[in-house]
Asker: 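Attaching a single structure in C-alpha cells format; questions to follow.
Computed from a prediction, not measured in an experiment: that's the story for all the values here. In each ligand, atom 1 is the first atom listed, and ligand 1 is the first ligand listed. FYI, the numbering just counts along the sequence from 1.
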Amino acid sequence: MSGGTSSDAALVLDRCHELDRYSAHPVHLERTHLTRQHAQANEVVAGWMADAGLRTWVDAAGNVCGRREGREPGLPALLLGSHLDTVPDAGSYDGMLGVVMAIAVAQRLHDVELPFALELIGFSDEEGSRFGTALLGSQAVAGHWLEDWWDLRDRDGVTLHQAFLDFGLDPRRVHEAARQPHELVGYLEAHIEQGPYLEARDEPLGYVTTIAGARRFRLSVVGEARHAGGTPYARRRDALVGAAEVITEIERMARASGDADEHDGCIATVGRIEVQPGAVNVIPGRADLSLDLRAANDEARDAMWARMERRLEEMCEARGLRFEAQERHRAPAAPCAPWLTDAVVAGIGSTGQQDPLGLWSRAGHDAMAMARITDIGMLFLRCHDGISHHPDEAVLLEDVEVGLDAFEAAVRATAASYAARELRSSPA
Ligand code: GLV
Ligand code: MN
Ligand code: MN
C-alpha cells in the first residue's frame, strides 16, 4: 500500500471542482451528454489520465478512456470508472468523484506490475438528463444499443443522431465502443452513497450488494382543454387534476409496498410534469409526467408497475380522462460479483474499518450496464446528509483519503485473486 496522503485526496476534490467549470449554466452545474461542456470535460480528464501514465482516447460513444498495460501488452483489463454527465443543478461529486478517484488510483499504481491491463473510463451519459434514456455511454460499451435511440430528442428537438454528428462522432460506428467480455477482468466503481445510511452508522465507506432495477415511463393524462370560466364542473375533463391524483396514488402505492430500507420495497418518483396548453384561463387538456420506478429486484418492481398501471387507468377513467404510459428506460437490477465484492470489502478492511455496511444501491450506476458484459463491484463513500442530485452534495476530505486507500487496496486485492485464478486455470 502506498498509503493515503491528504494531498492526493485534496487533488481529487480540487479536480471535481475544476470540472464544475464545464457547465451549460454560469451559476449552477449542468453538463449533459454530447454538449460542448462534455467535450471540454473529456479533454481535461484525458489530460489527467495521461499524467497518470495512461494512453487516452475518446471512444465511439463519447466516453473518455485511458489504458496502461499489465505485465505484458494486450492482457484483459480491469476497468475503473464512473460518469462525467450531471443532472440539472447538480452537485460536484455524483459520477465525477469516481472518475477522478480512479485516476488517482492509477497514479498510485503507476509503477506496480499488474496481472491485467488497467483501464479508466469517464462515461458520457449515465443520468439521461438530455435524451431521457439513461446510461447511453455505458450501454454502448456493453454493446447494448437500440436503433430507436437515434430518434430520441432533447428539449430543443435535437436528435441523438444529430448530437453524435455535432460532437464529431459517427453514429454508424457506435458499435465500435462495445467491449467484449473476454477483454475485461471486471469493473469497479467508486461513488458517493447518495443516501443517509453510512452517515447514520458514522462510517466513511461501504460496499454495494446490488444496484436497483429501474424503469422509467412517460405517463400522459389526456382530457380536454376548455374555457376555465365557462365550463361547468360536470363537463370538465381536467388533465392536471387527474395527474395530481395519479401522482399521489403513485406515492401511496410505493410507500405501501414495503420497507425500501430493506430489500422488499419499491421507490417511485414523479420528477417532471408538463401541462398543455399551460394557460391560466384554460382547463388543462393534457399532462405529461415522468415516472421513475426502482426496487432491489426486478420482480418486485414489475409487479408494482402492473398493479400501478391498472389502478391509474381506473382512476383516470373515473374522471373521463385517458391514461397512457410509454416506457422510456429499463435496466435490470445488477448484483455485484462476490469476488469483486470481497476485494472491495478487503480494500475497506485495509483502512481499519471492519465489518462495513453492504447496501443495495437505490441510485443507478454505469456498473449496472457494465454488468451485461463483466463482473462488477462498487465502493460507496459517505456523503453529507445523504444529499445528492443537488448542489449541496458534499464529501469529507478524510473520507476521500480512506476511500482512495480502499479503492487502491481493492484493485490490489482484485489483482491477487485474479492472478490466483489464472494460476489455477493454467495447464500444469
Ligand atoms: C442516477 O443517478 C439515477 O439513479 O437516476
Ligand atoms: Mn446521478
Ligand atoms: Mn452517479
Side-chain angles (χ1 to χ4, degrees), residues 16 19-20 23 28-33 38 41 45 63 80-102 121-139 141 187-198 206 208 210-218 254 260 266-272 290-296 298 301 327-334 336 359-371 376-384 386-395 403:
C16 289
L19 289 171
D20 290 350
S23 171
H28 67 251
L29 174 59
E30 178 172 347
R31 185 172 49 247
T32 58
H33 193 206
H38 172 199
V45 167
N63 303 301
L80 313 181
S82 193
H83 59 99
L84 293 170
D85 69 314
T86 75
V87 293
D89 203 6
S92 306
Y93 305 108
D94 173 5
M96 288 68 78
L97 181 71
V99 177
V100 171
M101 282 181 65
I121 186 156
F123 287 110
S124 58
D125 171 73
E126 187 276 334
E127 305 286 5
S129 301
R130 183 168 176 197
F131 292 103
T133 291
L135 301 165
L136 287 172
S138 38
Q139 297 204 80
V141 172
Y187 172 78
L188 289 178
E189 178 167 354
H191 204 286
I192 52 167
E193 181 204 333
Q194 307 181 283
Y197 300 98
L198 287 172
V208 174
T210 190
I211 306 173
R215 291 175 75 176
R216 290 185 188 165
F217 300 86
R218 179 182 201 245
C266 291
I267 308 172
T269 306
V270 174
R272 186 183 285 177
S290 62
L291 170 65
D292 176 300
L293 186 62
R294 304 169 189 227
D298 298 343
R301 180 203 62 189
E327 187 161 6
R328 285 293 180 89
H329 169 71
R330 184 192 298 221
C336 291
L359 287 154
W360 72 275
S361 174
R362 285 81 175 157
H365 298 289
D366 297 292
M368 62 204 298
M370 295 305 292
I376 61 165
M378 284 195 72
L379 171 70
F380 265 178
L381 282 80
R382 161 170 64 187
C383 63
H384 171 64
I387 300 177
S388 184
H389 286 186
H390 188 278
D392 288 350
E393 245 173 34
V395 277

Asker: Report the name of the N/O/S atom of Asp94 located nearest to the Mn ion (ligand 3).
Answerer: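 Per the distance ranking, Asp94 contributes OD1 as its closest N/O/S atom to the Mn ion (ligand 3).
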Asker: Show, in sequence, the C-alpha distance, side-chain angles and deciding distance for Arg216 and Asp292, and conclude whether the salt bridge (Lys or Arg N to Asp or Glu O under 4.0 Å) test is met.
Answerer: CA-CA 5 Å; Arg216 290 185 188 165; Asp292 176 300; 3.1 Å; yes
Asker: N/O/S of His389 less than 2.8 Å from the Mn ion (ligand 2)?
Answerer: yes
Asker: Return the name of the atom in Glu127, of element N, O or S, nearest to the Mn ion (ligand 2).
Answerer: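 Nearest N/O/S atom of Glu127: OE2.
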Asker: Taking the side chain as every heavy atom from C-beta outward, state whether Arg130 and Leu136 have any pair of such atoms under 4.5 Å apart.
Answerer: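 No. Closest side-chain heavy atoms not under 4.5 Å.
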Asker: Less than 4.0 Å is my threshold; does some heavy atom of Arg216 fall inside it relative to ligand 1?
Answerer: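 True for this residue.
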Asker: Taking atom types as modelled, is there a side-chain donor on His83 or Asp94 under 3.5 Å from an acceptor on the other?
Answerer: yes
Asker: Where on His365 is there a heavy atom closer than 4.0 Å to ligand 1, on the side chain, on the backbone, on both, or on neither?
Answerer: neither
Asker: Verify the ring-centre separation between Phe131 and His329: is it less than 6.0 angstrom?
Answerer: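 Centroid distance His329-Phe131: not below 6.0 Å, so no.
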Asker: Please say whether Asp292 places an N or O atom under 3.5 Å from an N or O atom belonging to ligand 1.
Answerer: no
Asker: Does Ala363, backbone or side chain, put an N or O under 3.5 Å from an N or O of ligand 1?
Answerer: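 Looking only at distances, the answer is no, because the N/O contact criterion of under 3.5 Å is not met.
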Asker: Does His38 form a side chain to side chain contact (heavy atoms under 4.5 Å, CB included) with Thr32? I'd like the steps, not just the answer.
Answerer: CA-CA 6 Å; His38 172 199; Thr32 58; over 6 Å; no
Asker: So which N/O/S atom does His191 have closest to the Mn ion (ligand 3)?
Answerer: NE2
Asker: Would you mind telling me which of Val100, Thr86, Leu97, Leu29 makes a side chain to side chain contact (heavy atoms under 4.5 Å, CB included) with Leu19?
Answerer: Val100
Asker: Quick check on contacts: which atoms of ligand 1 are under 4.0 angstrom from a heavy atom of Glu127?
Answerer: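 So the answer, numbered in order with elements, is 1 (C), 2 (O).
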Asker: Give a yes/no on ligand 1: does Arg294 have at least one heavy atom closer than 4.0 angstrom to it?
Answerer: yes
Asker: Atom OG in Ser129, atom CD in Glu30: separation rounded to 0.5 Å?
Answerer: 7.0 Å
Asker: Heavy-atom distances under 4.0 Å decide this one: backbone, side chain, both or neither, for His389 against ligand 1?
Answerer: side chain
Asker: To the nearest 0.5 angstrom, please state how far the CG atom of Leu188 sits from the OG atom of Ser82.
Answerer: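 The CG atom of Leu188 sits 12.0 Å away from the OG atom of Ser82.
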